[in-house]
Amino acid sequence: MTVLMLLLALGEEYLTKDEAVRLFFKNGERVVEHAIRLDDAARRLVEKAYGSSVAPDQTVIVGTKEDRVVAYAMIVSEITKTLPMTFIVGVDPAGTVIEVAVMRHEEHIGTDCAKRRFLRQFDGKRPTDRLRMGTSYQPVSGATLSCNAVARGTRKVLAIIQHHFLDRPDHVKALLQEEPIRRQRYIMGSICTITAYGDRAAVEKAFDAIQSVDAALSNYRDDSDLARLHRDRSIQAKPELLAFVSGSLAFSERTEGAFDITTGPLVRLWGFHDGKHRVPSDEEIAAALARVGWRKIRVEKDTVTLPEGVELDPGAIGKGIGVDRAAEALKNAGIARALVDFGSSARAIGEWTLGIRDPFDTDRILGHVTLRDESISTSGGYEKFFEQDGRRYAHILNPQTGRPVEGVASVSVITPTATESDALSTAAFVLQRIPDKVEGLLVPEKGEPVVTDGWKRRFREEKK
Ligand code: AMP
Ligand code: MG
């Protein structure tokens with residue numbers, strides 16, 4: 001009796017994964033498992049077809065040959081009575097079911113649903129067929145729940161293929177590309193690398209977008225809009241400058257002033273602007289501090305006004321803005337997978353895994369973090385600093401004290417956009433904690449690193 005019970009509970013395996021995949025793909029085809037993320041619009045349509053909520057992250061097996069897709073397949077598990085049934089649904093490039101095959105059925109009843117006699121009814125079905133019991137297919141008597149599970153899972157797969165791929169030629173195009181292109185440009189004093197599954201022209205446009213941010217915000221050139229603001233003190237700002245100023249003010253508000261673009265005079269005083277470092281006197285610091293404070297900036301409609309002596313420094317957010325503009329340009333060109341990497345800030349379109357540098361030994365990495373349509377920025381004391389009389393002075397300044405922040409080796413934060421991650425990693429460095437609603441890692445000079453739960457989920461530590 002016990003033996004029999006055990007056998008029943010184990011369910012039945014009909015096909016291994018390899019056997020299931022072999023149903024749809026032939027030798028010599030390029031078959032890749034793609035991690036996809038449904039956007040909100042696609043997800044809503046899939047949920048409508050499926051009848052309940054659907055996770056945005058899905059895996060689709062795609063076979064390609066030369067420049068066309070040969071088939072899509074998804075492995076799905078659906079609860080029958082109380083236990084799941086796992087099956088594979090193969091779909092042709094036009095979005096029609098090739099075949100549904102059951103791989104595992106845990107329940108000991110309803111097994112007739114795993115038979116070809118029943119499953120054959122799904123061959124050739126399209127998303128518009130709706131797959132309702134009694135009209136689109138006849139259930140096996142006594143196995144209604146299992147039959148229903150097959151129909152439900154098949155509806156989900158058809159909707160995902162339709163709305164994520166067939167409605168989105170850019171997503172299909174990305175599947176066909178074997179190797180991404182990788183190009184670099186030197187902008188804002190750093191090398192920016194763009195890796196993209198797409199064409200070269202789109203990547204060049206993305207770099208141009210960063211270049212136009214630099215043209216607007218550079219404080220190293222006389223012809224930028226920022227230089228004009230510093231000269232004229234009150235100007236009608238063009239969109240880039242206006243977005244920089246108002247965006248920065250919002251980050252100051254959110255971080256209790258830890259992030260503050262009016263730290264310009266302090267950056268200059270400590271010599272971080274031109275590398276002529278020195279430790280200033282208390283009087284000099286007090287004089288510079290009198291010119292610091294984000295509330296001194298006035299924005300009215302598109303007019304920005306700075307009181308005499310106030311100077312803006314885009315150093316903690318400019319690259320993030322550039323990365324976001326580049327990412328927008330890539331998305332507008334229909335690119336579904338790309339990485340814009342500006343060193344201290346990066347943004348992933350699709351899924352990418354990046355290394356996180358060890359702040360105490362910058363040739364090593366602490367581990368890898370996986371981003372999906374997210375951005376990451378790192379602020380590190382090791383990036384720009386000087387040492388005098390055995391003390392180390394880092395380039396991130398506390399706007400309250402006018403002095404370099406001490407005690408933090410590096411902070412990395414993950415947020416949806418790179419503008420946010422850039423601003424908030426700098427703020428976290430000053431605050432010495434990860435701001436609310438942000439995922440991150442903070443490595444103190446002494447003691448144990450601090451991580452958020454969301455960081456842990458995305459991070460894989462490097463083996464020592
Ligand atoms: P990041 O590497 O993004 O953290 O930016 C650091 C740079 O931002 C520095 O090199 C300064 O130019 C500037 N900066 C320093 N302290 C601050 C601060 N508290 N708020 C905003 N910008 C700062
Ligand atoms: Mg920053």
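Order of appearance sets the numbers: ligands from 1, and atoms from 1 within every ligand. Along the sequence shown, the residues carry numbers beginning at 1.
At least one N/O/S atom of Thr426, whether from backbone or side chain, sits less than 2.8 Å from the Mg ion (ligand 2). Backbone or side-chain N, O or S atoms of Ala316 reach the Mg ion (ligand 2) at under 2.8 Å.
The environment of Arg231 atom CZ is dense: over 12 non-hydrogen atoms of other residues, nucleotides or ligands sit within 6.0 angstrom.
The aromatic rings of Phe386 and Phe272 sit tilted relative to each other, their planes meeting at an angle between 30° and 60°. Aromatic ring pairs are classed by plane angle as parallel below 30°, tilted from 30° to 60° and perpendicular above 60°; the pair His171 and Phe165 is perpendicular.
Remark: minimum distance from atom 16 (N) of ligand 1 to any protein heavy atom is reached at Leu397 N, 3.0 Å. Ranking the protein heavy atoms by distance from atom 13 (C) of ligand 1 puts Asp313 OD2, 3.8 Å first. The closest protein non-hydrogen atom to atom 15 (C) of ligand 1 is His395 O, 3.4 Å. Ranking protein heavy atoms by distance to atom 1 (P) of ligand 1, first place goes to Thr426 OG1, 3.3 Å. In terms of protein heavy atoms, atom 23 (C) of ligand 1 is closest to Thr263 OG1, 3.5 Å. Remark: minimum distance from atom 3 (O) of ligand 1 to any protein heavy atom is reached at Asp422 OD1, 2.9 Å. Among protein heavy atoms, the minimum distance from atom 5 (O) of ligand 1 is reached at Ala316 CA, 3.3 Å.
The closest approach between a heavy atom of Phe429 and any atom of ligand 1 is not below 4.0 Å. For the pair Ser425 and ligand 1, no heavy-atom separation below 4.0 Å is found.
For ligand 1, the atoms closer than 4.0 angstrom to any heavy atom of Pro399 are 19 (N). Within ligand 1, the atoms closer than 4.0 Å to a non-hydrogen atom of Lys384 are 10 (O), numbered from 1 in the order shown. Of all atoms in ligand 1, numbered sequentially from 1 with element shown, those under 4.0 Å from a heavy atom of Ser379 are 1 (P), 3 (O), 4 (O). Here is the list of ligand 1 atoms found below 4.0 Å of a heavy atom in Ala258: 18 (C), 19 (N), 20 (N).
A 4.5 Å side-chain heavy-atom check between Thr419 and Ile317 finds at least one atom pair inside the cut-off. Within the 4.5 Å cutoff, side-chain heavy atoms of Arg233 are placed close to those of Leu306.
Checking Gln211 against Arg185 by side-chain atom types alone, a donor-acceptor pair falls below 3.5 Å. Glu420 and Thr417 share a side-chain donor-acceptor pair at under 3.5 Å. Inspection of the Ser53 and Glu47 side chains reveals no N or O donor paired with an N or O acceptor under 3.5 Å. Checked by atom type, the side-chain pair Ser77/Thr86 shows a donor-acceptor distance below 3.5 Å.
Considering both main-chain and side-chain atoms, Val430 never comes within under 3.5 Å of ligand 1 through any nitrogen or oxygen pair. Any N or O atom pair closer than 3.5 Å counts here, and Asp260 shares at least one such pair with ligand 1.
Partner of Val443 under the side chain to side chain contact (heavy atoms under 4.5 Å, CB included) criterion, chosen from Ile356, Val408, Val450, Leu366: Leu366.
When every heavy atom of Trp294 is checked against every heavy atom of Asp260, the shortest pair comes out as N-OD2, 3.2 Å.
The N, O or S atom of Asp422 lying closest to the Mg ion (ligand 2) is OD1.
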